[in-house]
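In what follows, a structure is listed as structure tokens, so that the remarks can point back to it.
Every chain is numbered from 1 and lettered A, B, ... according to where its sequence line falls, protein lines coming before strand lines. Quantities reported herein were computed from a predicted structural model and do not represent experimental measurements.
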2 protein chains.
Amino acid sequence: MAANSRLTIATHVLTWLALAHRRGQEVLTSDQVAASVNTNSVIIRRSLGDLRRAGLVEVRHGAGAGWSLARAPREITLLQVYDAVGGEPPFGLHRSEPNLECPVGRGIRPALNQTYGRVEQAIRRELADTSIADVLREALRN
Amino acid sequence: MAANSRLTIATHVLTWLALAHRRGQEVLTSDQVAASVNTNSVIIRRSLGDLRRAGLVEVRHGAGAGWSLARAPREITLLQVYDAVGGEPPFGLHRSEPNLECPVGRGIRPALNQTYGRVEQAIRRELADTSIADVLREALRN
DNA sequence: CCTTGCCGTAACATTTTGTGTTACAGCTAC
DNA sequence: GTAGCTGTAACACAAAATGTTACGGCAAGG
């Protein structure tokens with residue numbers, strides 16, 4: 001399944017909420033969002049749950065329930081979304097512990113953590129540079 | 001299994017080859033390498049196969065066979081290793097095509113590809129900045 | 001030239017993770 | 001109270017990474 005698509009799904013959800021709001025739709029149900037993403041509404045509710053816990057969306061219960069953005073699209077960066085959905089780092093260390101008798105086996109993990117940490121920071125910098133407003137604008141150009 | 005560990009394994013292999021060479025070991029068999037990584041030798045041969053196709057290591061067949069680096073450790077960057085093992089991008093797009101009736105569903109993928117492309121470039125810049133010699137030095141500090 | 005030790009790779013088992021689906025209790029506006 | 005949607009558990013399914021076994025192929029050295 002290649003890389004995971006949670007960041008993509010969550011961003012899609014937020015972007016759709018942003019456009020709907022601009023069109024006068026106060027709230028959207030998970031079914032309405034699912035129709036745009038083309039998947040099951042439980043998947044969407046799971047994603048929206050992550051986003052709610054991160055304070056990026058709000059939910060209204062009971063009759064006439066639904067979801068809306070908790071802040072302006074330009075105030076939501078993809079980095080916040082990335083953190084909200086619990087993105088995993090791109091590279092994993094050894095699945096099973098390397099041989100600690102070997103000098104390389106002993107020192108490789110801290111060495112790689114250093115480089116992988118720099119990579120992670122670079123990713124975060126780029127994600128922080130794009131907002132939902134940016135994505136919406138770019139999406140509508142197509 | 002979280003993220004995949006191919007880059008980690010391949011880097012470990014190269015680092016171990018670099019240290020062995022410095023210690024006077026001309027070549028290492030896949031079994032010897034596997035002992036340091038603590039995994040099956042077939043896994044190592046698969047990784048070494050990738051590295052050989054990328055021109056980073058050389059193999060000697062027949063009796064007394066084994067592997068050695070094809071160039072100096074400082075001339076091998078983690079970016080080359082990343083490309084050799086065919087790293088996948090960190091974020092995937094939608095698994096199933098979004099609803100093209102929706103403006104967001106229609107435009108979201110090119111919009112995200114733009115951002116994801118910038119992320120990929122940032123990753124590559126960082127990886128290009130670390131060599132096997134760097135990893136070896138750092139590993140031996142521990 | 002043939003034996004020996006290792007490579008190269010196919011085939012399959014296992015594990016892990018992501019995703020999709022069904023079901024149902026809980027909440028709130030009306 | 002009732003209708004409509006959320007929140008989440010439980011399970012099914014698919015895909016990918018990793019581990020394992022097996023065996024043909026190659027080349028150095030006798």
What's the verdict on salt bridge (charged side-chain N to carboxylate O under 4.0 Å, His left out) for B/E126 and A/R125, showing C-alpha distance, side-chain angles and the deciding distance? CA-CA 12 Å; B/E126 293 299 332; A/R125 270 196 302 278; 3.7 Å; yes
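Atoms CD (A/Q32) and P (D/dG4) sit 14 Å apart, rounded to a whole Å. A/N40 places its CG atom 14 Å from the C1' atom of D/dG7, with the value rounded to the nearest Å. Spacing between atom CG of B/L93 and atom C1' of C/dG18 amounts to 16 Å, rounded to whole angstrom units. For the pair B/N4 CG and D/dG19 C1', the interatomic distance rounds to 15 Å; values are reported in whole Å. Here the C1' atom of nucleotide C/dT17 and the CZ atom of A/R95 are 10 Å apart, to the nearest Å. Per the geometry, CD1 belonging to B/I43 stands 13 Å off C1' belonging to C/dA13, to the nearest Å. Note: CD1 (A/I44) to P (C/dG20) measures 9 Å, nearest angstrom. Taking atom CZ of B/F91 as the reference point, atom P of C/dT19 lies 13 Å away to the nearest angstrom.
Looking at A/T8, its side chain does come within 3.5 Å of a backbone N or O of B/G92 through a donor-acceptor pair. A/R106 places a side-chain N or O within donor-acceptor distance of the main-chain N or O of A/E101, the cut-off being under 3.5 Å. No donor-acceptor distance shorter than 3.5 angstrom exists from the side chain of B/N99 to the backbone of A/V37, with no hydrogens or angles considered.
Along DNA chain C, the nucleotide nearest B/S96 and the nucleotide nearest A/G64 are compared for position; the residue whose nucleotide lies closer to the 5' end is B/S96.
Residue pairs meeting the ring-ring contact (aromatic ring centres under 6.0 Å, His included) criterion with at least one member in residues 40-74 of chain A: none, sequence neighbours excluded.
Side-chain nitrogen and oxygen atoms of A/S5 include at least one within less than 4.0 Å of the OP1 or OP2 phosphate oxygen of C/dT19. Put simply, A/T39 has a side-chain N or O that comes within less than 4.0 Å of OP1 or OP2 on C/dG20.
The aromatic rings of A/Y116 and A/F91 lie tilted to each other, with the angle between the two planes from 30° to 60°.
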Under 3.5 Å, which protein N or O atoms sit close to an N or O of nucleotides 7-10 of chain C? Give each pair with its distance.
from: C/dC7; atom 1: OP1; to: B/S30; atom 2: N; distance (Å): 2.9
from: C/dC7; atom 1: OP1; to: B/W67; atom 2: NE1; distance (Å): 3.0
from: C/dC7; atom 1: OP2; to: B/S30; atom 2: OG; distance (Å): 2.6
from: C/dC7; atom 1: O3'; to: B/H61; atom 2: NE2; distance (Å): 3.4
from: C/dG8; atom 1: OP1; to: B/H61; atom 2: NE2; distance (Å): 3.4
from: C/dG8; atom 1: N7; to: B/R45; atom 2: NE; distance (Å): 2.8
from: C/dG8; atom 1: O6; to: B/R45; atom 2: NH2; distance (Å): 3.0
from: C/dT9; atom 1: O4; to: B/R45; atom 2: NH2; distance (Å): 3.4

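At a cut-off of 3.5 Å, with distance as the only test, no side-chain donor of B/R74 or B/S131 sits close to an acceptor on the other residue.
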